[in-house]
Amino acid sequence: MSCGEPHETDCSEVLDHLYEFLDREMPEGDCAKFEVHIDECSPCLDKYGLEQAVKKLVKRCCGHDDVPTDLRSKVMGRIELIRSGEAVPEQSVLEQARADDRSAAAESALAESSAAQAAESTADPSSAGAARAE
């Protein structure tokens with residue numbers, strides 16, 4: 001995407017880092033370069049406006065959901081790995097979180113089952129025998 005005009009900052013660079021720009025997660029000097037480019041380049045301005053509108057819509061519709069602390073820390077850890085250039089595990093953060101949730105649910109169910117068995121074994125032996133005879 002380009003307006004056909006020469007720019008100090010290439011359109012592809014602006015578009016590759018558009019979300020960092022939108023989220024103000026880049027150095028101030030880079031933000032200033034991107035602002036100049038977006039002011040000069042109508043296709044990039046259009047893309048910026050679209051992404052900004054999508055971001056606002058998502059925030060309005062989904063901004064009230066609480067994110068589990070462990071998921072947030074996993075996502076932030078993954079971002080740091082990517083930024084540092086280290087190898088990133090193939091399993092996505094969401095897949096890992098779902099696997100962790102399933103594991104926690106299984107552990108909880110096992111604990112509940114063990115507690116129920118313990119309560120049953122300490123119950124009145126005659127009622128337990130009667131229940132088994134039925």
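- Rounding to the nearest 0.5 Å places CZ of Phe21 at 7.5 Å from CE of Met26.
- In summary, of the residues considered (Leu15, Asp16, Thr9), a side chain to side chain contact (heavy atoms under 4.5 Å, CB included) with Glu13 occurs for Thr9 alone.
- For the side chain to side chain contact (heavy atoms under 4.5 Å, CB included) test, residues two or more places apart in sequence or in another chain that qualify with Gln52 are Leu22, Tyr48, Lys56.
- A 4.5 Å side-chain heavy-atom check between Pro43 and Cys11 finds every atom pair outside the cut-off.
- Between Lys47 and Leu18, some side-chain heavy-atom pair lies under the 4.5 Å cut-off.
- The salt bridge (Lys or Arg N to Asp or Glu O under 4.0 Å) check on Glu20 picks up nothing, with sequence neighbours excluded.
- The hydrophobic cluster containing Tyr19 also contains Val14, counting ILVMFWY residues as joined when their side-chain heavy atoms lie under 4.5 angstrom apart, directly or transitively.
- The distance from atom NE2 of His17 to atom OG of Ser12, rounded to the nearest 0.5 Å, is 8.5 Å.
- The side-chain hydrogen bond (donor to acceptor under 3.5 Å, both in side chains) search around Thr69 returns none, not counting sequence neighbours.
- Partners of Glu35 by side-chain hydrogen bond (donor to acceptor under 3.5 Å, both in side chains), not counting sequence neighbours, listed by chain and number: Arg24.
- Distance check, rounded to the nearest 0.5 Å: CD of Glu40 to CD1 of Ile38 gives 11.0 Å.
- When all heavy atoms of Asp10 and His37 are compared, the closest pair comes out as C-CE1, 4.1 Å.
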Problem set entry | Evaluation steps, side chain to side chain contact (heavy atoms under 4.5 Å, CB included), between Leu45 and Asp39 | CA-CA 7 Å; Leu45 177 62; Asp39 287 344; 5.7 Å; no

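- Checked against side chain to side chain contact (heavy atoms under 4.5 Å, CB included), Asp46 has no partners two or more places apart in sequence or in another chain.
- The side-chain hydrogen bond (donor to acceptor under 3.5 Å, both in side chains) search around Arg83 returns none, not counting sequence neighbours.
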